Amino acid sequence: MTNIFALAIHGGAGTILRSTMTKELQTQYEQGLKDALSAGYTILEKKGNSVDAVAAAVMCLEDNPLFNAGKGAVFNNIGKHEMDAAIMNGKTLEAGAVCGISTVKNPVLLAKTTMLYSGHVMLAGSGAEEFALSQNLQFENDAYFYTQQRYDQWQEALVENKVQLDHTEKKMGTVGAVALDCFGNLAAATSTGGMTNKKFGRIGDSPVIGAGTYANNATCAVSCTGHGELFIRLVVAYDISCLMEYKGLSLKEACDLVVYNKLVAINGEGGLIAIDKAGNIELSFNSEGMYRASIDINGNSIIKIYKD
Ligand code: GLY
């Protein structure tokens, strides 16, 4: 056991501008990030493991209506919530993922339960929800997942679709966490409502192991946020791990290459958080902003939203 542990979280990347943010709202976002950081870090401080820490941090973000996951999940094109989540243990390479679920309060907890008890890696839709029932997880109805802000965003997107065929929706959000625990083990977790007005049945990168979520003690743990289709096509999280493993790049070099070069080359807007086995942290994004926070191995914490 060591005294070295660290945690990073994100609450989504996208068009986040100072000019469109009120002071009150910014304070609420910062408090939400602080609460999630504290939920995960408390576990690490008490010599808990990285899987539990990332799950706790992500659950806290899922319970906060400001973030696009769990309670704050966006509406799809038929006015429903379809959520995706994943978790991965860097020590064992065990992983759990769920996609297209609508009634489970904490999708990341279902992903963790899937990893631990289902004998499978990925469960979808009604099968995932039936498994959640068998594991006594908490369910919520449509009213719980309704937020006025998300409903208004969906209505706005619907209207824009009617008048603009090549509509580009920039209301991307997702939450995630990566951690190194005092046993030297890495973990990553990601949860999302996807993209506003997405097609019914669309699955993003978050639950796809290697695309939006990946952890491997040999290299790093990564959780992504952004335009999922592009992150799937570039297998972003695993690519960062591979660049470290096969090419000997540092965490920073690998993240810079993927986020600022490879993703940009295919218009893949978004970002990611990553941590390596030494506890180095990267919070990289090529969008206007990314809700993000971390506590490094020296106990120094940061909470940031914008580019500068
Ligand atoms: N990055 C989340 C999604 O595209 O669903």
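All values below come from the heavy atoms of this structure, side chains included, with hydrogens, waters and symmetry mates left out. What you are looking at is a predicted structure, and each value in this text was computed from that prediction instead of being measured. Order of listing sets the numbers, starting from 1, for every ligand and every atom in it. Heads up: numbering here begins at 1 and tracks the sequence.
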Using a 3.5 Å cut-off on N or O atoms only, is [X] in polar contact with ligand 1?
X      : answer
Thr192 : no
Thr225 : no
Gly204 : no
Gly226 : yes

Exercise. Tell me, do Phe5 and Ile297 make a side-chain contact under 4.5 Å, heavy atoms counted?
Worked result: no

Problem set entry | Phe145 and Met83, any side-chain heavy atoms less than 4.5 Å apart | yes

Which ligand 1 atoms are under 4.0 Å away from a heavy-atom of [X]?
X      : answer
Thr174 : 1 (N), 2 (C)
Asp205 : 1 (N), 2 (C), 3 (C), 4 (O)
Gly194 : 5 (O)

Exercise. Do Glu140 and Lys71 sit within salt-bridge range, that is, some charged N less than 4.0 Å from a carboxylate O?
Worked result: no

For this session: Kindly compute the distance separating CG (Asn76) from CD (Glu82), expressed to the nearest 0.5 Å.
Result: 5.0 Å

Exercise. What is the distance from atom CG of Leu234 to atom CD1 of Ile266, rounded to the nearest 0.5 Å?
Worked result: 3.5 Å

For this session: Look at the side chain of Asn68 and the backbone N and O of Gly194, then say whether any donor-acceptor pair between them is shorter than 3.5 Å.
Result: yes

Exercise. With a 4.0 Å cut-off on heavy atoms, does Arg202 reach ligand 1?
Worked result: yes

Problem set entry | Ser206 near ligand 1 by a heavy-atom separation under 4.0 Å | yes

Problem set entry | Phe75 and His81 aromatic centres sub-6.0 Å | yes

